[in-house]
Amino acid sequence: MIVLVINCGSSSLKYQLINSETNQVMAGGICERIGMEMGDLKHKPAGHEPVEIDVKMENHEVAVSMVLNALTDKNYGVIKDLSEIDAVGHRVVHGGEKFAASTLITDEVIKAIEECNDLAPLHNPANLIGIRACQSLMKDVPMVAVFDTAFHQTIPDKAYLYALPLDYYEKYKIRKYGFHGTSHSYVSKRLAEFCGLDINNSKLIVCHLGNGASITAVQNGKSVDTSMGFTPLSGLVMGTRSGDIDPSIIEFIAKKENKSLDEIMHLLNKESGVQGMSQVSSDFRDINKAMQQGNEKARMAFDVFVYRVVKYIGGFIASMNGVDAIAFTAGVGENDPKVRYDVCQYFKYMGITIDEEANKLRGREVMISTPDSKVKVAVIPTNEELAIARETVALL
Ligand code: AMP
């Protein structure tokens with residue numbers, strides 16, 4: 001099947017056209033600055049030079065039609081006709097408690113996604129705009145919603161409830177949801193296969209360390225706990241997000257600096273994390289360079305990041321009563337050997353040993369633990385688009 005995968009943001013739209021039989025990405029790209037004075041479409045067809053088109057895109061429907069034109073273009077298109085697209089898989093950030101799996105998009109499903117808008121006000125409305133734009137241009141093509149939160153719906157109440165008055169859960173559904181579910185699901189399955197483990201009888205930990213970062217405990221193929229919570233702000237230290245902090249800090253800063261709640265949320269989401277602590281960058285390439293030049297703040301930010309990862313891994317080993325294999329994935333997890341090495345050093349006590357040569361390899365699945373390590377540790381590159389395409393095909 002040929003599946004168009006759509007990941008729609010408020011002013012951008014990322015896409016990939018994937019042949020699900022060969023796993024081949026036929027084309028991919030991004031529309032940016034939708035709804036602004038001038039936008040642009042970057043289109044990368046497999047086997048051709050990339051194409052960049054500067055064009056005003058009034059709304060997402062115009063952006064989708066630009067993408068469809070690019071895919072069928074005489075010179076750089078990859079299909080002859082839109083009828084070759086068998087299905088569309090949409091990334092949807094929040095499915096609340098309503099969606100524990102991917103689902104075929106119907107009018108009722110759209111209504112149910114709308115009801116989750118409160119939980120992800122920046123993302124879900126944009127995802128819905130993308131769905132509607134595709135529906136109006138590809139009327140008879142089946143569409144599937146794949147939720148970031150769905151994989152985590154198996155987390156038990158002891159792990160998802162916050163110790164607030166229960167009313168807040170009952171009235172507003174305030175609880176841990178978890179995110180990056182498509183990545184955690186895909187990587188945990190690949191990790192089990194790669195390590196020769198039976199996923200249905202395994203204890204795995206997936207460290208998705210990118211600009212956004214989260215860790216998930218996966219027992220017998222099911223998510224049983226994860227580091228992100230009600231929103232993607234909690235848990236690990238991230239590029240610009242603080243991760244877990246004492247909630248009283250919010251009141252303290254508000255009073256000391258005369259800041260509004262909106263300003264403090266901005267500070268926690270956009271000015272904190274590795275960027276805020278290092279005062280260098282949110283990017284680990286810059287942090288590594290600065291550390292090599294002796295920058296102490298960069299060193300501190302790096303160490304705080306690693307330490308938080310260690311605490312979550314340690315906590316999840318305890319809660320699963322063991323671990324068979326650990327995966328590192330996403331931008332930092334796949335590309336930063338020092339992060340992986342430093343994290344694993346903390347687990348020497350339980351027999352984890354790292355092969356330093358293997359740990360230097362990049363860009364593919366690789367076992368970085370030594371053959372005698374008590375727990376297998378691997379780098380498993382994530383591929384959220386391919387996972388969405390596979391979910392779409394499996395559902396249809
Ligand atoms: P993601 O959100 O998964 O796309 O990850 C993006 C992040 O990966 C960047 O902000 C960097 O911090 C990190 N990253 C990418 N390439 C490298 C690299 N070669 N070494 C260290 N970190 C990297």
Side-chain angles (χ1 to χ4, degrees), residues 5 7 9 12 14-16 25 28-30 32 42 44 91 93 122-123 148 151 178-188 190-191 206-216 226-228 231-243 269-293 295 297-309 327-344 354 356 358-366 368 378-388:
V5 175
N7 181 355
S12 70
K14 289 188 211 149
Y15 62 94
Q16 277 193 6
V25 178
I30 182 167
E32 288 177 295
K42 292 189 186 82
K44 285 192 204 144
R91 177 186 184 212
V93 166
L122 295 179
H123 294 103
D148 272 18
F151 182 58
F179 298 87
H180 293 140
T182 315
S183 175
H184 287 297
S185 166
Y186 173 83
V187 173
S188 58
R190 281 298 313 141
L191 177 66
V206 177
C207 307
H208 177 113
L209 310 178
N211 198 31
S214 68
I215 299 191
T216 296
T226 192
S227 61
M228 282 179 170
T231 72
L233 178 56
S234 68
L236 301 178
V237 174
M238 304 178 219
T240 62
R241 286 175 237 164
S242 64
N269 275 296
K270 304 278 185 204
E271 297 167 28
S272 300
V274 171
Q275 158 107 53
M277 280 189 294
S278 67
Q279 300 171 347
V280 171
S281 166
S282 61
D283 192 308
F284 273 72
R285 285 165 286 202
D286 302 330
I287 296 294
N288 278 309
K289 216 182 281 165
M291 279 198 293
Q292 280 157 16
Q293 292 161 354
N295 184 316
K297 290 176 184 166
R299 196 272 310 153
M300 222 162 43
F302 187 94
D303 286 350
V304 174
F305 175 87
V306 165
Y307 187 66
R308 186 79 56 87
V309 171
F328 287 93
T329 194
V332 179
E334 291 168 30
N335 295 301
D336 196 317
K338 182 167 164 55
V339 165
R340 297 192 296 256
Y341 184 78
D342 284 12
V343 166
C344 291
I354 294 300
E356 290 186 45
N359 189 36
K360 286 183 191 150
L361 300 172
R362 290 227 321 249
R364 62 183 172 84
E365 292 180 352
V366 55
I368 61 167
V379 175
I380 306 283
T382 191
N383 191 335
E384 288 180 276
E385 287 78 17
L386 181 59
I388 292 173

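Note that the structure is a prediction, hence the values are computed from the model and not measured. Counting convention: from 1, in listed order, for ligands and their atoms alike.
- Ligand 1 places these atoms under 4.0 Å from at least one heavy atom of N211: 1 (P), 2 (O), 5 (O), 6 (C).
- Taking distance alone, with nitrogen or oxygen atoms compared against 3.5 Å, F284 approaches ligand 1 more closely than that limit.
- Salt-bridge check for K42 with E32: passed, with a basic side-chain N closer than 4.0 Å to an acidic carboxylate O.
- Closest protein heavy atom to atom 14 (N) of ligand 1: G331 O, 3.6 Å.
- Using a 4.5 Å heavy-atom threshold, the side chains of I368 and Y341 count as separate.
- Distances below 4.0 Å separate heavy atoms of G210 from the following atoms of ligand 1: 1 (P), 2 (O), 3 (O), 5 (O).
- Taking CE from M238 and CZ from F305, the interatomic distance works out to 9.0 Å, rounded to the nearest 0.5 Å.
- Using a cutoff of 4.0 Å between basic side-chain nitrogens and carboxylate oxygens, D336 and R340 are not scored as salt-bridged.
- Of the charged side-chain nitrogens involved, none lies within less than 4.0 Å of a carboxylate oxygen, so that R362 and E334 do not count as a salt-bridged pair.
- Judged by distance alone, the side chains of S183 and H208 do bring a donor and an acceptor atom under 3.5 Å apart.
- At the shortest separation from atom 19 (N) of ligand 1 among protein heavy atoms lies N335 CB, 3.6 Å.
- Listed by atom number, the atoms of ligand 1 under 4.0 Å from V332 heavy atoms are 8 (O), 12 (O), 13 (C).
- Each of the following atoms of ligand 1 lies closer than 4.0 Å to a heavy atom of D336: 21 (C).
- In summary, the side chains of H184 and S214 do present a donor paired with an acceptor at a separation below 3.5 Å, with no hydrogens or angles considered.
- Residue A330 has at least one heavy-atom neighbour below 4.0 Å for each of these atoms of ligand 1: 3 (O).
- Of the protein's heavy atoms, D283 OD2, 3.8 Å lies nearest to atom 9 (C) of ligand 1.
- Note that atom 4 (O) of ligand 1 has no protein non-hydrogen atoms nearby, at separations under 4.0 angstrom.
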